[in-house]
Amino acid sequence: MKKWLLGFGICVLLVRTSLGGLAWEPDVRTALLDATGGNKIVVLDFTGSDWCGWCMKLKSEVFDQPEFAAYAKDNLLMVEVDFPRHKELPAEQQASNQKLAETYGIRGYPTIILLDAMGNKIGQSGYVPGGPKNFIASLEKFPAVGHREVAPPVASAPEASRHAAPAFVPVAPASPNHYGDLVLKAISGAKDSRMVMINDQLLTIGETAKVKVHDERIAVTLKEVHDDSVLIVVAGKTQELRLGQH
């Protein structure tokens with residue numbers, strides 16, 4: 001089950017950026033969608049980019065190094081969660097970053113949180129001396145990181161079984177996603193901080209999001225979260241969505 005938050009998807013960065021050769025995802029939602037399609041690990045880098053000395057060392061000694069960029073290209077999806085003191089982030093991004101920090105109980109910087117392709121937290125780390133090699137080794141102590149088997153390519157239509165369930169692969173930005181009815185895709189998080197994904201949007205209890213249904217967006221408010229279902233409010237009416245129910 002995935003860890004999702006509505007605010008995580010609201011980020012002013014509209015395209016992936018590359019710093020020192022390392023590609024950074026624009027937001028957590030995009031990273032998790034890409035991780036699902038690409039069998040990669042999402043790395044959340046909680047940092048104070050313009051004041052935290054250890055954060056700067058981690059960036060210069062690891063993230064800015066070609067060796068790490070090459071490793072990350074095949075294995076990781078990087079997301080910077082920044083808490084600067086000398087520059088001001090857009091309000092939406094500040095709120096998103098703060099919610100992430102609260103969700104994962106961040107108490108210091110740098111803190112590295114690892115999420116698998118389903119959004120589950122699989123590890124936590126921080127600054128590791130010794131450059132890319134040692135940092136990569138510290139990541140690969142977690143079983144889900146590195147050396148994972150990649151599923152073989154799907155056979156062409158005439159050869160593939162008509163009964164096989166197709167793997168989910170995110171549609172490129174140029175081809176908008178199309179969703180049917182409202183579908184509960186994931187639930188995760190501790191009981192006091194449950195998170196869900198409905199169609200293309202991330203929500204926590206009490207939040208309202210514009211969820212894509214067919215070719216329009218409708219306002220959905222998350223009312224309650226249970227182990228395998230949620231209660232939502234749409235157009236003033238309460239309805240239940242269950243995991244695995246389409």
From Ile113, Ile41, Leu115, Val42, residue fulfilling side chain to side chain contact (heavy atoms under 4.5 Å, CB included) relative to Ile122: Ile41
Which atoms form the tightest heavy-atom contact between Pro129 and Asn134, and what is the distance? O-ND2, 3.1 Å
Among the clusters formed by ILVMFWY side chains lying less than 4.5 Å apart, do Val128 and Met56 turn up in the same one? no
Pair Glu207 + Lys99, salt bridge at N-O below 4.0 Å: yes
Given the rule in the side chain to side chain contact (heavy atoms under 4.5 Å, CB included) test, do Ile205 and Glu224 qualify, once you have shown the distances and angles that lead to the verdict? CA-CA 6 Å; Ile205 293 177; Glu224 296 179 11; 5.9 Å; no
Any donor-acceptor N/O pair, Asn75 side chain to Tyr71 backbone, under 3.5 Å: yes
Verify, without hydrogens or angle tests, whether Asp50 (side chain) and Arg85 (backbone) share a donor-acceptor contact under 3.5 angstrom. yes
Among Ile232, Leu222, Val230, which residue meets the side chain to side chain contact (heavy atoms under 4.5 Å, CB included) test with Leu203? Leu222
Distance-minimising heavy-atom pair for Glu25 and Thr30: OE1-CG2, 3.6 Å
Has the side chain of Glu61 got a donor or acceptor atom that lies under 3.5 Å from a matching backbone atom of Pro132? no
Looking only at heavy atoms, which two atoms of Thr238 and Lys223 are closest? And how far apart? OG1-NZ, 3.7 Å
Pick from Tyr127, Phe83, Phe46: which one makes a ring pair (Phe, Tyr, Trp, His ring centres under 6.0 Å) with Tyr109? Phe83
Test your reading of the model: is there a side-chain donor-acceptor pair from Asn199 to the backbone of Val211, 3.5 Å cut-off? no
Between Phe68 and Phe63, how do the two ring planes meet: parallel, tilted or perpendicular, split at 30° and 60°? tilted
Lys57 side chain to Cys52 backbone, donor-acceptor under 3.5 Å: no
Quick check: is Leu184 connected to Val233 through a chain of hydrophobic side chains (ILVMFWY, heavy atoms under 4.5 Å apart)? no
For Ala219 and Thr208, which heavy atoms make the closest approach, and how far apart are they? CB-CG2, 4.2 Å
Contact summary for Thr111 and Gln124, nearest pair of heavy atoms: CG2-NE2, 3.7 Å
N-O pairing of Asp228 and Arg242 below 4.0 Å: yes
Determine the minimum heavy-atom distance between Thr47 and Cys55, stating which atoms define it. OG1-CB, 3.1 Å
Would you say the side-chain atoms of Ser96 pair up with the backbone N or O of Gln93, donor to acceptor, closer than 3.5 Å? no
Donor-acceptor under 3.5 Å (Gln94 side chain, Leu89 main chain): yes
Distance col, row Ile106:CD1 vs Gln98:CD, nearest 0.5 angstrom, shows 10.5 Å
Show, in sequence, the C-alpha distance, side-chain angles and deciding distance for Ile112 and Leu44, and conclude whether the side chain to side chain contact (heavy atoms under 4.5 Å, CB included) test is met. CA-CA 6 Å; Ile112 304 298; Leu44 306 182; over 6 Å; no
